[in-house]
K.L.:
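One structure follows; several queries about it will come next.
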Amino acid sequence: MPHELPKAYEPGAIETRWAEYWVKEKLFSVKTPPEGETRPVFTLLLPPPNVTGRLHMGHMLNQTQMDIIVRWHRMRGFITLWLPGTDHAGIATQMMVEKQLEREGKKRRELGREKFVERVWEWKKLYGNAILDQMKRLGASVDWDREYFTMDENLSRAVREVFVRLYEEGLIYRGNYIVNWCPWHETAISDLEVKHEDVQGKLWEIRYPVVGSDEFITVATTRPETMLGDTAIAVNAKDERYTHLHGKKVLLPLMNREIPIITDELAQPEFGTGAVKVTPAHDPNDFQAGLRHHLPQINVMDEHAHMNQNAGPYAGLDRFEARKRVLADLREQGYLVAEKDYALSIGKCDRCGTIVEPRLSEQWFIKIKPLAERAKEAVESGEITIVPDNYRQIYLNWMNNIYDWCISRQLWWGHRIPAWKCDGCKEFIVAREAPTQCPKCGGAKLEQSSDVLDTWFSSGLLPFTTLGWPEKTRDQAVFYPTTLLITAYEILFFWVARMIMFGCHFMEGHEQDPAIKKASGWQDKKNDSVPFRQVYIHSLVRDAAGEKMSKVKGNVINPLDIIERFGTDATRFTLAAMAAPGTDIAFSESRTGGYRAFANKIWNAARFMFMNVDRIEPGLRPATTEGGSPHKGVARFQSATLEDRWILSRFNRAVSDVNEALATYRFHEAANRIYDFFWGEFCDWYLELIKPRLNFEEGADQSGARAACANLVNLFDASLRLLHPVMPFITEEIWQAIYEGKVPYKSIALAEYPQASEEQFDLGAETEMAILQDLIVSVRNLRAELKVEPKVKVPIEVFAHEPEIRKMIDHNRGAVERLASVEKITFVDSSLANRTGARGTARFDVHLLYEQKIDVAAECDRLKKELEKIERGIGSGQRQLGNEQFLSKAPATVVENLRKQQQELAVMLTKTQSKLKELGCQ
RNA sequence: GGGCGGUUAGCUCAGCUGGUUAGAGCGCCUGCCUUACAAGCAGGAGGUCGCAGGUUCGAGUCCUGCACUGCCCA
């Protein structure tokens, strides 16, 4: 049955078909390897998307890079596990469902906790898989059998276990501290969830009367409403302006409360008046000062950031309304001294944009320094490497300036904190399972904390909890530490840093199966507690204008739209080709269009191949090695001609470069290298050169045609395998078509990745081919200049200085005739350099036997430009060669190359000069 | 305020440890439907590598300063 490939390349149909096939056939499911396994292992944890997530360009870049690396490893024989899952995303998901309720006119609190959580589960069941379904469309080769959700029972149990252990080790504590409070969400959030924004605001100066004198102390604030909770005024002990006021009191305006004047570092003499108000319940620095001086903490706001009863007459007002009223009253009573413009930075909730209120509340914290120490050490010692390298320092800086992590959230959706409060003694009991009796007072009335854990708490544990922790499993011995993590810079601290902290802590003493560790190339690593050996931080995808994409700006590019228009393969290729490490990607549709053209090129090259196979040798399959398996390079390639030797050598160079590039995460290099090879060498030259050999007419060299056809198939097969990690769909489609259903594996994804073979490099063939290409291009140039009709074949004269080159050109004269529309080649014995309209390189001269006059002026222009270039080259070369320091210091190969180049330039100089003279150019 | 990037052709970007005459895609110009491909083929124009110094035999590449610009942290 002949190969059937539709004339037009239409990615849509092909891609959905294979995406479904890969999932249905469970091609990427990994069984736990038994004891004694000796193959290398590669493990990658998918950064779990939020269940509320929709695929965006960042995901697509991330997943494309992961899939490339994963497929590459799998094809190279690694046991390759790519582990997918989703994150319950506490705040984000709760918001979704709250909004849904809002549309029904209901409120979360009316529903009650239990009912609400049920609703969230329902929501999750309906919509939570959307993003994973989108991933399937991308071709992500993950193990769907191992898919997890962060609130699965086993993972939740592990979370409780971790919490209890950390508590028992004294690394989790509970206390009243100032936290970032989001009044909209009514919960505490971590420092990382606060985004700072520079705004033009006001600074108000307020004077407080000193008790028992007619003096005032003036302080400045950007949040005047907090003065209602002031419990002191601070001045610096060294500040002589205030020495006489030490130990005195001021009367807090509006509240008529006497508060002390204290001396504290908080007040800096050079800043403002040198005196500051102290509000321990509403500012983190004031809070610390308050502790130092045992000041009362007066909280003047409730969880909605409305003023509470401590705010006296202002109770019930929203914080901003209260600010207005406070200012008006201060002004009226003569306490407001000044109002100034002031540039300040305000913190907003990352999720909803509400201005965050520093608020005193009871929360759970992780004592971070002990965990950070080891996490720092793991990176400093090189046990974990971070690529690109500059992120390493960013990571270490952050670890050095880390604060305790507030892990409790006043939400309902998430892992509920395993702590129960005794109604009798008010103590908290932390336990793995719900206790029935208080161990302190014996009370039986216990209530679990209503708080849940920060989402990042559970995701930080994933590298080991997804492998069965706290049990010691074979999966852990094989797959932990995971090999690589590919992620965005944005979550370096949120997630990456925490995984390292938790991994180093909870997996301490863990050892990977030594045979597998060695086979995988990690025998030099000492620490197997780390969650991954390497971290690759990918770039940010921006819009075509280089702007960060945001919903507000409306410049978000939906990857599914792009896929729809250009195909997944082309989109993947674009992201790979533009992903130079360390630089952001301005996503360009025009480039995606270019890579769809590349896919189309491959498609048509395949049609060309099939056309010939069907004509010459129906049923032809790619050759295998002795053992029957496809070759790691090009199998049974028979070099009969120059172009055969050349393409085999070029293929091996491409293979070597691509493998090298992927090993160092240089995706753009890998992609571009394949592109250049396939289009610029394989299609543009090789296919054109072998066309005559594929002649299968009566009387033609039929065995030669068969050999050429076999070479074509074998080379094409190897090229598809080389390209497969980047463009999985089109390569699968064509590869399957080559085998006409009788595939050696279920998928090209399971075939061998090409490896370069030293003996297939052929420098001689590459040099000869380069000369031949130069000759053909020269003739094409001349034809264009002389405006020769495309259909007219023109005889040429060629002069070659060296007999071997003349022989080589003669041998390949058919190629020149076909590719440059030459009628006949005549070799001459003397240089053609002086001939009008001749071209040449240092190796040959060529001249067209064509009547039409050349445009002398244009030719002069061209020659002059060329002469300039040559002279520049000679000038700089001579300067260097005349420099003894250069000769003595530069490496021999550099000098040698320069000499060779200078000789060629000298030849070209003479030729060009005499031609200029001949033409009489001015 | 602290830290990290970027500035190369009209546009978007490569150029890894300093070493030929700085590359690609898109766009532009010219000519071609040459039976794999017009989503193509052949040819062409276009850059004093942000500015100023320095190191070096040699700098787009390393160092210093400046300008503009982006991001992160506080």
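Every chain is numbered from 1 and lettered A, B, ... according to where its sequence line falls, protein lines coming before strand lines.
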K.L.:
How many Å lie between CZ on A/Arg565 and P on B/A39, as a whole number?
P.N.:
16 Å

K.L.:
Just say parallel, tilted or perpendicular for the rings of A/Phe494 and A/Trp456, cut-offs at 30° and 60°.
P.N.:
parallel

K.L.:
Considering every strand shown, what is the Watson-Crick or G-U wobble mate of B/A67 when both distances are under 3.5 Å?
P.N.:
B/U7

K.L.:
Atom CD1 of A/Ile674 to atom P of B/A14: distance rounded to whole Å?
P.N.:
19 Å

K.L.:
Kindly say if A/Lys791 contacts the phosphate of B/C33, meaning a side-chain N or O under 4.0 Å from OP1 or OP2.
P.N.:
yes

K.L.:
Would you say that more than 12 heavy atoms from the other residues, nucleotides or ligands in this model lie under 6.0 Å from the CD of A/Glu789, or not?
P.N.:
no

K.L.:
Answer yes when A/Arg596 and A/Glu589 have at least one side-chain N-carboxylate O distance shorter than 4.0 Å, and no when they do not.
P.N.:
no

K.L.:
Output the rounded distance in Å from CZ (A/Phe608) to P (B/U34).
P.N.:
16 Å

K.L.:
Which whole number of Å gives the distance between the P atom of B/G18 and that of B/U61?
P.N.:
12 Å

K.L.:
Tell me which nucleotide among B/A36, B/A42, B/C32 gets nearest to the side chain of A/Leu687.
P.N.:
B/A36

K.L.:
Cation over ring, A/Arg498 on A/Trp405, under 6.0 Å and within 45°?
P.N.:
yes

K.L.:
On the side chain of A/Glu688, is there an atom forming a donor-acceptor pair with the base of B/A42 - under 3.5 Å, no angle test?
P.N.:
no

K.L.:
Yes or no on ring pair (Phe, Tyr, Trp, His ring centres under 6.0 Å) for A/Tyr595 and A/Phe566, after CA distance, side-chain angles and deciding distance?
P.N.:
CA-CA 8 Å; A/Tyr595 294 127; A/Phe566 300 101; over 10 Å; no

K.L.:
Once you round it to whole Å, what is the distance between C1' of B/G43 and NZ of A/Lys787?
P.N.:
10 Å

K.L.:
Below 4.0 angstrom, N of the basic side chain to O of the carboxylate: do A/Arg653 and A/Glu766 qualify?
P.N.:
yes

K.L.:
What does A/Lys691 touch in the nucleic acid at a heavy-atom separation under 4.0 angstrom: a base, only the sugar-phosphate, or nothing?
P.N.:
base

K.L.:
Partner lookup for B/G27, please. Criteria are Watson-Crick or G-U wobble with both distances under 3.5 angstrom; report none if nothing qualifies.
P.N.:
none

K.L.:
Heavy atoms only, 4.0 Å cut-off, all strands: where does A/Arg596 land among base, sugar-phosphate and nothing?
P.N.:
base

K.L.:
Of all the choices, B/C73, B/G40, B/G43, which nucleotide is nearest to the side chain of A/Ala597 once you look at every atom?
P.N.:
B/G40

K.L.:
Does this structure show an ion pair linking A/Arg780 with A/Glu785, if we count only N-O contacts that are shorter than 4.0 Å?
P.N.:
no

K.L.:
With the side chain of A/His668 defined as its heavy atoms from C-beta on, choose the nearest nucleotide among B/A14, B/A36, B/U12.
P.N.:
B/A14

K.L.:
For A/Tyr675, answer base if it contacts any base atom (sugar-phosphate contacts may also be present), sugar-phosphate if it contacts only those atoms, and nothing otherwise; contact means non-hydrogen atoms under 4.0 Å.
P.N.:
sugar-phosphate

K.L.:
A/Lys195 side chain: which of B/C26, B/C73, B/G3 is closest?
P.N.:
B/C73

K.L.:
Please state how far atom CZ in A/Phe667 lies from atom C1' in B/A14, giving the value in whole angstrom units.
P.N.:
16 Å

K.L.:
Using whole Å, report how far CD1 of A/Ile690 lies from P of B/A36.
P.N.:
12 Å

K.L.:
Could you give the CD1-to-P distance, from A/Ile730 to B/C37, as a whole number of Å?
P.N.:
15 Å

K.L.:
Can you measure A/Ile394 atom CD1 to B/A74 atom C1' for me and round it to whole angstrom units?
P.N.:
15 Å

K.L.:
Side chain of A/Arg666, heavy atoms from C-beta onward: which of B/A36, B/C41, B/C16 has the nearest atom to it?
P.N.:
B/C16

K.L.:
Can you tell me if the side-chain N/O atoms of A/Arg591 get under 4.0 Å from OP1 or OP2 in B/C26?
P.N.:
no

K.L.:
Under 4.0 Å, counting only non-hydrogen atoms across every strand here, what does A/Phe598 touch: a base, just sugar-phosphate, or nothing?
P.N.:
nothing

K.L.:
On RNA chain B, check which nucleotide each of A/Val194 and A/Trp679 is closest to and give me the residue with the more 5' one.
P.N.:
A/Trp679

K.L.:
Between B/C63 and B/A74, how far apart are the two P atoms, rounded to whole Å?
P.N.:
28 Å

K.L.:
For a quick test of reading the model: is some side-chain N or O of A/Asn781 closer than 4.0 Å to OP1 or OP2 of B/G44?
P.N.:
yes

K.L.:
Check every strand shown and say whether A/Asn672 touches a base, only sugar-phosphate, or nothing at a heavy-atom separation below 4.0 Å.
P.N.:
nothing

K.L.:
For B/C32, which nucleotide is its Watson-Crick or G-U wobble mate, given both distances must be under 3.5 Å?
P.N.:
B/G40

K.L.:
Would you say B/C4 has OP1 or OP2 under 4.0 Å from some side-chain N or O of A/Arg392?
P.N.:
no

K.L.:
Please tell me which of A/Gly594 and A/Trp398 maps to the more 5' nucleotide of RNA chain B, matching each residue to the nucleotide holding its nearest heavy atom.
P.N.:
A/Gly594

K.L.:
It should be established whether A/Lys793 places a side-chain nitrogen or oxygen under 4.0 Å from OP1 or OP2 of nucleotide B/U34.
P.N.:
no

K.L.:
Taking only N and O in the side chain of A/Lys7, is any of them less than 4.0 Å away from OP1 or OP2 of B/C37?
P.N.:
yes

